[in-house]
Enquirer: 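The structure is given below, and queries will be raised subsequently.
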Amino acid sequence: MKDAGFLDKVTVDCTGGNAVLTSNTYPDHDLMTGIIGTNEQVPVPAKAYAAPVPLEPVLGTTPQTRDAALGVAVNGVPIFDYTGGGEMTIAELSHHQAQHDTLQTNQLDVCGGHAGRGDDYHYHVKPKCMIAQMKNAGDAAIIGWAFDGFPIYGDKNPDGTPIENGGLDVCNGKRDKNFGYRYHTSAGAPYIVQCLMGEVADLRDLPRTAPLVSASGQGAPPGEPPRGGVQNLVFTQQKDGSRSMDYTYDGQAYYIRYKPSGKPDCYNFTTRTVTNKGAVKTGEYCR
């Protein structure tokens, strides 16, 4: 984190055999620009997302999948596999899931991420904007850590040489002389780590972003991708913490806007979405 220049965004504590990376998962690069296949969700800062990375990783023999983050980038943003259709089976790892490919279905912004069902920002492919911000950017730089303790690098070997055809396994990783194993990003699917090859005690213990809930404890209803996608999606942020995602669909203007309500980790929302058939809705939601 220090070498990459993100210690102001991420804290690191070593405890219980793990390096725990804690952040609000909200990066300071461009967000949401370029998305067409929106799910009508917006990125909202998380509440102390604590990502454990084993200090002494052990390579396993069976890939492990998860319908949630498989690792964390050095700026504290969670890293998911490339799909948006739920947890993949072991058999599905070997076949490109085109219908669930978040990149090919235009669900990702120009930085490789988007807001998920929990209004949580995360990456599904190579985090290009984050890498451009890294002080130590280059082939030898670690861009993230998988939750089995192994590092994630970019498209090339750390020494700058190309990765040979077929050089990455089903999880998009390979053996490493320093760490025992490492993951890579790639130009083609699966683009980034899509499963864990290291041992993890219990996948259920790995972190998830707490969902937004109303004062009554009800979760914010998930958005539904408008058929055919939206146009002119723009996400803006103000210094007072207010944020707005504006877009058009079938010639009509829609938006999701929120600002801090004054309570810790709480926000006042005003929305007009395709999901809600254009009805304006308001409410306070908290992490």
Enquirer: With sequence neighbours left out, what residues match Phe6 under ring-ring contact (aromatic ring centres under 6.0 Å, His included)?
Expert: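 Testing Phe6 for ring-ring contact (aromatic ring centres under 6.0 Å, His included), a comparison that skips the adjacent residues, returns none.
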Enquirer: Side chains of Thr248 and Tyr255, heavy atoms from C-beta outward: is any pair under 4.5 Å?
Expert: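 They are not in side-chain contact.
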Enquirer: Quick check: closest heavy atoms across Lys135 and Gly5, and the distance to 0.1 Å?
Expert: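 Nearest heavy atoms, Lys135 then Gly5: CD-CA, 3.9 Å.
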Enquirer: With sequence neighbours excluded, give me every disulfide (SG to SG under 2.5 Å) pair touching residues 222-264.
Expert: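 Pairs touching residues 222-264 that pass the test: none.
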Enquirer: Does Ile152 belong to the same Ile/Leu/Val/Met/Phe/Trp/Tyr cluster as Val125, with side-chain heavy atoms less than 4.5 Å apart forming each link?
Expert: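 Looking at the clustering, Val125 is in a separate group from Ile152.
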Enquirer: Out of Gln238, Arg257, Lys259, which one pairs with Ser244 under the side chain to side chain donor-acceptor pair (under 3.5 Å) rule?
Expert: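 Going through Gln238, Arg257, Lys259 one by one, the side chain to side chain donor-acceptor pair (under 3.5 Å) with Ser244 is satisfied by Arg257 alone.
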Enquirer: Could you name each residue pair satisfying side-chain hydrogen bond (donor to acceptor under 3.5 Å, both in side chains) that touches residues 206-223, not counting sequence neighbours?
Expert: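 Every side-chain hydrogen bond (donor to acceptor under 3.5 Å, both in side chains) pair that includes a residue of residues 206-223, provided the two are not neighbours, is Ser214-Ser216.
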Enquirer: Can you name the side chain to side chain donor-acceptor pair (under 3.5 Å) partners of Glu40, sequence neighbours left out?
Expert: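 Counting only residues at least two positions away or on another chain, Glu40 forms a side chain to side chain donor-acceptor pair (under 3.5 Å) with Tyr247, Thr275.
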Enquirer: Does anything in residues 186-246 form a disulfide (SG to SG under 2.5 Å)? List the pairs, not counting sequence neighbours.
Expert: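 Listed by first then second residue: Cys171-Cys195.
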Enquirer: If you look only at pairs with a residue in residues 45-67, which of them pass as a salt bridge (Lys or Arg N to Asp or Glu O under 4.0 Å), with sequence neighbours excluded?
Expert: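 Found none.
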Enquirer: Is any side-chain heavy atom of Lys263 less than 4.5 Å from a side-chain heavy atom of Glu284?
Expert: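 In contact.
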Enquirer: Sort and list the pairs that fulfil disulfide (SG to SG under 2.5 Å) and have at least one residue in residues 67-128, not counting sequence neighbours.
Expert: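 Passing the test, one end in residues 67-128: Cys111-Cys129.
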Enquirer: When hydrophobic residues are tied together by side-chain contacts of less than 4.5 Å, even through go-betweens, does Val110 share a cluster with Val77?
Expert: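 Each belongs to a different hydrophobic cluster.
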Enquirer: Strictly by modelled atom types, are Asp155 and Thr185 linked by a side-chain donor-acceptor pair under 3.5 Å?
Expert: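 Indeed, the side chains of Asp155 and Thr185 share at least one donor-acceptor pair under 3.5 Å.
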Enquirer: Looking only at side chains, do Asp120 and Tyr49 share a donor and an acceptor under 3.5 Å apart?
Expert: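 No - no donor-acceptor pair under 3.5 Å links their side chains.
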Enquirer: Going hydrophobic residue to hydrophobic residue with side-chain gaps under 4.5 angstrom, can you get from Val53 over to Val12?
Expert: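 Yes; tracing contacts between hydrophobic side chains, which count when under 4.5 Å, links both residues.
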Enquirer: Does Leu59 reach the side chain of Phe150, with side-chain heavy atoms less than 4.5 Å apart?
Expert: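 Yes; the side chains approach each other to less than 4.5 Å.
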Enquirer: Ignoring hydrogens and angles, state whether a donor on the side chain of Thr161 or Asn157 is under 3.5 Å from an acceptor on the partner side chain.
Expert: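 Yes - a donor-acceptor pair under 3.5 Å links their side chains.
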Enquirer: Are Tyr123 and Asn75 side-chain neighbours, meaning at least one heavy-atom pair lies under 4.5 Å?
Expert: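 In contact.
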Enquirer: Return yes if a side-chain donor-acceptor contact under 3.5 Å exists between Gln107 and Asp101, otherwise no.
Expert: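 Per modelled atom types, Gln107 and Asp101 side chains form no pair under 3.5 Å.
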Enquirer: Do Asp169 and Tyr181 have a side chain donor and acceptor closer than 3.5 Å?
Expert: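 Note: Asp169 and Tyr181 side chains meet the donor-acceptor criterion.
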Enquirer: In terms of hydrophobic clusters joined by side-chain contacts under 4.5 Å, are Met130 and Val193 together?
Expert: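 Yes, Met130 and Val193 fall within the same hydrophobic cluster.
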Enquirer: Could you list the donor-acceptor pairs under 3.5 angstrom formed by side chains in residues 82-92, with sequence neighbours left out?
Expert:
from: Tyr82; atom 1: OH; to: Gln97; atom 2: N; distance (Å): 2.8
from: Thr83; atom 1: OG1; to: Asp81; atom 2: OD1; distance (Å): 2.6
from: Glu87; atom 1: OE2; to: Thr65; atom 2: OG1; distance (Å): 2.9
from: Thr89; atom 1: OG1; to: Glu92; atom 2: N; distance (Å): 3.1
from: Glu92; atom 1: OE1; to: Thr89; atom 2: N; distance (Å): 2.9

Enquirer: Return each pair, listed once, that meets salt bridge (Lys or Arg N to Asp or Glu O under 4.0 Å) where at least one residue sits in residues 177-190; pairs must be two or more places apart or across chains.
Expert: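 As it turns out, the salt bridge (Lys or Arg N to Asp or Glu O under 4.0 Å) pairs with a partner in residues 177-190, which skip direct neighbours, are Asp176-Arg182.
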Enquirer: Under 3.5 Å, side chain of His29 to main-chain N/O of Gln133, donor-acceptor pair present?
Expert: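 Checked: no pair found.
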Enquirer: So which heavy atom on Pro52 is nearest to which on Phe147, and how close?
Expert: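 So the two residues come closest at O-CD2, 3.4 Å.
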Enquirer: Is the closest side-chain donor-acceptor distance between Gln194 and Asn172 under 3.5 Å?
Expert: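 No, no side-chain donor-acceptor pair sits under 3.5 Å.
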Enquirer: Going by side-chain contact (heavy atoms from CB on, under 4.5 Å), Asp202 matches just one of Leu206, Asp205, Val200. Which one?
Expert: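 For Asp202, the side-chain contact (heavy atoms from CB on, under 4.5 Å) test succeeds with only one of Leu206, Asp205, Val200, which is Asp205.
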Enquirer: Would you check if Phe235 and Ile35 make a side-chain contact, meaning some heavy-atom pair closer than 4.5 Å?
Expert: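 No - every pair of side-chain heavy atoms lies 4.5 Å or more apart.
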Enquirer: Mind listing the closest non-hydrogen atom pair of Tyr249 and Pro226 along with its distance?
Expert: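 Tyr249 and Pro226 have their closest heavy atoms at CE1-CB, 3.6 Å.
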Enquirer: Name all residues meeting the ring-ring contact (aromatic ring centres under 6.0 Å, His included) criterion together with Tyr267; count only those two or more places apart in sequence or in a different chain, and write none if there are none.
Expert: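 For Tyr267 the ring-ring contact (aromatic ring centres under 6.0 Å, His included) partners, ignoring immediate neighbours, are Tyr258.
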Enquirer: Determine all donor-acceptor pairs shorter than 3.5 Å in which one atom belongs to a side chain in residues 13-24; sequence neighbours excluded.
Expert:
from: Ser23; atom 1: OG; to: Thr25; atom 2: N; distance (Å): 3.1
from: Ser23; atom 1: OG; to: Gly76; atom 2: O; distance (Å): 2.7
from: Asn24; atom 1: OD1; to: Tyr26; atom 2: N; distance (Å): 3.0

Enquirer: Measure from the ring center of Tyr183 to the ring center of Trp145 and say whether it is less than 6.0 Å.
Expert: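 Ring centroids of Tyr183 and Trp145 are no less than 6.0 Å from each other.
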Enquirer: State, to 0.1 Å, how close Ser94 and Val170 come at their nearest heavy-atom pair, and which atoms those are.
Expert: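 Looking at all heavy atoms of both residues, the shortest contact is OG-CG2, 4.0 Å.
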Enquirer: Specify whether His122 and Phe80 have parallel, tilted or perpendicular ring planes, treating 30° as the upper limit for parallel and 60° as the lower limit for perpendicular.
Expert: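 Rings of His122 and Phe80: parallel, under 30°.
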Enquirer: Can you tell me how far apart CD (Gln231) and OG1 (Thr38) are? Round to the nearest 0.5 Å.
Expert: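 Here the rounded value is 11.5 Å.
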Enquirer: So which pairs with a foot in residues 215-275 pass disulfide (SG to SG under 2.5 Å), sequence neighbours left out?
Expert: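 Counting only pairs at least two positions apart or across chains, the disulfide (SG to SG under 2.5 Å) contacts touching residues 215-275 are Cys266-Cys286.
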Enquirer: Give a yes or no answer on whether the side chain of Asp3 reaches the backbone of Asn136 with a donor-acceptor pair at less than 3.5 Å.
Expert: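 Pair absent, no side-chain N/O of Asp3 close to backbone of Asn136.
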Enquirer: Where do Ala141 and Met134 come nearest, in terms of heavy atoms and distance?
Expert: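 Heavy-atom minimum between the residues: CB-CE, 3.9 Å.
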Enquirer: Evaluate the side-chain proximity of Leu233 to Met32: yes if any heavy-atom separation is below 4.5 Å, no if none is.
Expert: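 Of all side-chain heavy-atom pairs linking Leu233 with Met32, at least one is under 4.5 Å.
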Enquirer: May I ask you to decide if Gly188's main-chain N or O and Ser186's side chain share a donor-acceptor pair within less than 3.5 Å?
Expert: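 Present.
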Enquirer: Given the rule that I, L, V, M, F, W and Y join up when any side-chain heavy atoms are under 4.5 Å apart, are Ile36 and Leu103 in one cluster?
Expert: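 They do not share one cluster, since no chain of ILVMFWY contacts under 4.5 Å joins Ile36 to Leu103.
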Enquirer: Between Asp109 and Tyr121, does any side-chain donor sit less than 3.5 Å from a side-chain acceptor?
Expert: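 Yes, because at least one side-chain N or O of Asp109 sits under 3.5 Å from a partner of the opposite role on Tyr121.
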Enquirer: What are the two closest non-hydrogen atoms of Pro222 and Arg117, and how far apart are they?
Expert: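 What the structure gives for the nearest pair is CB-NH1, 3.4 Å.
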Enquirer: So, does Thr282 use its side chain to make a donor-acceptor pair with the main chain of Phe269 at under 3.5 Å?
Expert: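 Checked: no pair found.
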